Amino acid sequence: LEADFITPQNAERRVPLEFQETLSGGAHAHTGAFYLEWKIESYIVHLRGTAEKRILKNVSGFVSAGERGRGAEMRNETNIFAILGPSGAGKTTLLDILAGRSTVGRVSGDIRVNSTPVTPTTMTQIAGYAPQSDILPGTSTVWEYLLFHANLRLHPTATPAEKKVRVRDIVLQLGLMKVVDSFIGDEYTRGISGGEKKRVSVASELLHKPRILFLDEPTTGLDSTNAATMVGALAQLGLQGTIVVLSIHQPRSDIFRLMERVLVLSCHGEMVYSGQTRTLETFFRSLPYIPKIPSDLSLADFALDLVIK
């Protein structure tokens with residue numbers, strides 16, 4: 001049942017031909033090779049008259065979901081790519097560009113999956129996107145909301161039983177079983193907590209089994225414990241082979257250690273660093289004009305303080 005869940009045999013796949021092999025168990029899927037890379041040369045928006053403003057410049061990144069062997073978790077291979085930067089640096093703009101969402105400006109650059117250029121339409125078919133604001137119906141239960149999304153997003157040939165099994169699996173995967181029959185809640189209806197709402201938003205994007213998941217500041221508005229729980233759930237998704245790309249603002253040290261790769265943006269939308277998280281400290285120490293990193297300050301806070309100053 002699980003193998004043929006989204007697209008049963010003899011059913012037409014929704015994804016483009018060049019990605020069918022990767023997403024349906026072909027050569028790439030057999031070896032576990034799946035990666036996302038990009039190089040955004042510039043992103044320019046038009047202001048009044050003939051004025052223009054550059055939001056991003058020379059921003060690149062790479063994240064892969066390779067074959068997960070024994071000890072992957074100990075090696076911090078979580079497939080999580082974090083975009084770090086101060087407010088106004090262009091984190092959400094970069095996520096929107098990568099996820100294929102509509103943008104008002106002019107993009108110059110290249111986005112590839114497994115060395116194949118992807119269009120915005122293709123990206124929306126193979127990826128999920130969870131916005132910063134939780135847009136959820138307060139008077140629906142968690143189960144009703146996810147089952148409604150399953151009816152809309154899963155393949156038309158999927159049976160009602162298959163859709164319910166898929167919703168159940170996602171609920172178990174994200175630890176939502178204890179609130180599955182609770183109202184989501186809003187300003188008029190008492191419901192689940194903010195951290196649980198974030199996980200419900202992520203669950204709705206995981207129903208169609210995306211290989212890439214984009215999240216815009218998933219820890220915003222959460223306390224430290226719920227933020228750690230949220231990122232821990234995303235790390236488990238990464239360990240299972242999903243590429244997770246998220247923007248984050250001032251993460252705790254234990255949360256930052258779960259990020260496999262990080263992109264640090266300056267206040268002007270320029271790339272300061274892009275690479276493995278474990279080499280970020282070495283990069284800063286190699287620069288002679290950078291002050292010594294205080295022992296009582298987390299690396300993420302130091303990086304943010306540095307780019308702001």
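Computed from a prediction, not measured in an experiment: that's the story for all the values here.
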Please check if any side-chain donor atom of Q173 sits under 3.5 Å from a side-chain acceptor atom of Q240, or the reverse. yes
I'd like to know if the side chain of T122 and the backbone of V118 have a donor-acceptor N/O pair within less than 3.5 Å. no
CD1 on I243 to CD on E260, rounded to 0.5 Å: 9.5 Å
Of all the heavy-atom pairs spanning A203 and L176, show the shortest one and how long it is. CB-CD1, 4.3 Å
Is there a side-chain contact between I248 and F256, using heavy atoms and a 4.5 Å cut-off? no
Keeping the roles fixed (side chain from T78, backbone from L258), state whether a donor-acceptor pair exists under 3.5 Å. yes
Any side-chain heavy-atom pair from L146 and V171 closer than 4.5 angstrom? yes
Evaluate the criterion salt bridge (charged side-chain N to carboxylate O under 4.0 Å, His left out) for residue pair E270 and R54; output intermediate values, then yes/no. CA-CA 10 Å; E270 297 178 339; R54 188 191 65 203; 3.3 Å; yes
Got a sec, which pairs hit salt bridge (charged side-chain N to carboxylate O under 4.0 Å, His left out) with one end in residues 95-117, sequence neighbours left out? E52-R106, D96-R101, D110-R112
Does the side chain to side chain contact (heavy atoms under 4.5 Å, CB included) test come out yes or no for E144 and V180, once each step is laid out? CA-CA 9 Å; E144 290 170 345; V180 71; over 6 Å; no
Determine the sole option in T219, L215, V231 for which the side chain to side chain contact (heavy atoms under 4.5 Å, CB included) test with L246 is passed. L215
Rounded distance [0.5 Å steps], CZ in R285 versus CD1 in I293: 4.5 Å
Kindly write out the residues that satisfy ring pair (Phe, Tyr, Trp, His ring centres under 6.0 Å) with W38, not counting sequence neighbours, or none if the list is empty. F81
Take L265 and V59 through the side chain to side chain contact (heavy atoms under 4.5 Å, CB included) test and state the conclusion after the steps. CA-CA 8 Å; L265 291 175; V59 178; 3.9 Å; yes
If you group Ile, Leu, Val, Met, Phe, Trp and Tyr by side-chain heavy-atom gaps below 4.5 Å, do I55 and V104 land in one group? yes
How long is the straight-line distance from CG of L237 back to CG of L174, given to the nearest 0.5 Å? 6.0 Å
To the closest 0.5 Å, what do you measure between CD1 (I170) and CG (L206)? 5.0 Å
Inspect the surroundings of NE2 in H268 and state if more than 12 heavy atoms from other residues, nucleotides or ligands are less than 6.0 Å away. no
Do R166 and K209 make a side-chain contact, defined as non-hydrogen atoms from C-beta onward lying under 4.5 Å apart? yes
Hydrophobic cluster membership, with links at side-chain heavy-atom distances under 4.5 Å among I/L/V/M/F/W/Y: are V107 and M271 in one? yes
Pair T282, T279: side-chain N/O donor-acceptor within cut-off below 3.5 Å: no
Got a donor-acceptor contact below 3.5 angstrom from the T189 side chain to the D186 backbone? no
Once you round to the nearest 0.5 Å, how far does CD1 of I255 lie from CD of Q250? 12.0 Å
Between L136 and K197, is there a side-chain heavy-atom distance shorter than 4.5 Å? yes
Has the side chain of K53 got a donor or acceptor atom that lies under 3.5 Å from a matching backbone atom of L47? no
CD1 on I184 to OG on S201, rounded to 0.5 Å: 8.0 Å
For residues 299-309, which side-chain N or O atoms pair as donor and acceptor with protein atoms under 3.5 Å away, sequence neighbours left out?
{"residue": "D301", "atom": "OD2", "partner": "S298", "partner atom": "OG", "Å": "3.0"}

Of all heavy-atom pairs linking S247 and L95, the shortest is OG-CD1, 3.6 Å
Joint cluster assignment, M123 & F62, ILVMFWY side-chain distance < 4.5 Å: no
Considering all heavy atoms, the nearest E196-V179 contact: OE2-CG1, 3.5 Å
If Ile, Leu, Val, Met, Phe, Trp and Tyr residues are connected whenever their side-chain heavy atoms lie under 4.5 Å apart, and connections chain through other members, are L287 and L280 in the same group? yes
Is it the case that the side chain of S274 and the backbone of S60 share a donor-acceptor pair, with hydrogens and angles ignored and the cut-off at 3.5 Å? yes
Taking atom types as modelled, find out whether S115 and Y35 have a side-chain donor-acceptor pair closer than 3.5 angstrom. yes
For the hydrophobic clusters of this structure (ILVMFWY residues joined by side-chain heavy atoms under 4.5 Å, transitively), does one cluster hold both V200 and F148? no
Exercise: identify the closest heavy-atom pair between M230 and P218: CG-O, 4.0 Å
With no hydrogens and no angle check, just 3.5 Å: does a side-chain donor-acceptor pair link T92 and D216? yes
So do R153 and E205 actually touch side chain to side chain, heavy atoms under 4.5 Å? yes
Side chains of I212 and F34 in contact at under 4.5 Å (non-hydrogen atoms): yes
Indicate the atoms forming the closest heavy-atom contact of A65 with R211, along with that distance. CB-NH2, 4.3 Å
Could you tell me which non-hydrogen atom of G238 sits nearest to which non-hydrogen atom of N79, and how far apart they are? O-ND2, 2.7 Å
Steps toward salt bridge (charged side-chain N to carboxylate O under 4.0 Å, His left out) verdict (K198, E217): CA-CA 10 Å; K198 289 285 185 183; E217 299 199 14; over 6 Å; no
Is any side-chain heavy atom of I111 less than 4.5 Å from a side-chain heavy atom of L36? yes
Side-chain touch L263/L84, heavy atoms, less than 4.5 angstrom: no
Determine, stepwise, if the pair R261 / T277 fulfils side-chain hydrogen bond (donor to acceptor under 3.5 Å, both in side chains). CA-CA 5 Å; R261 289 177 173 267; T277 305; over 6 Å; no
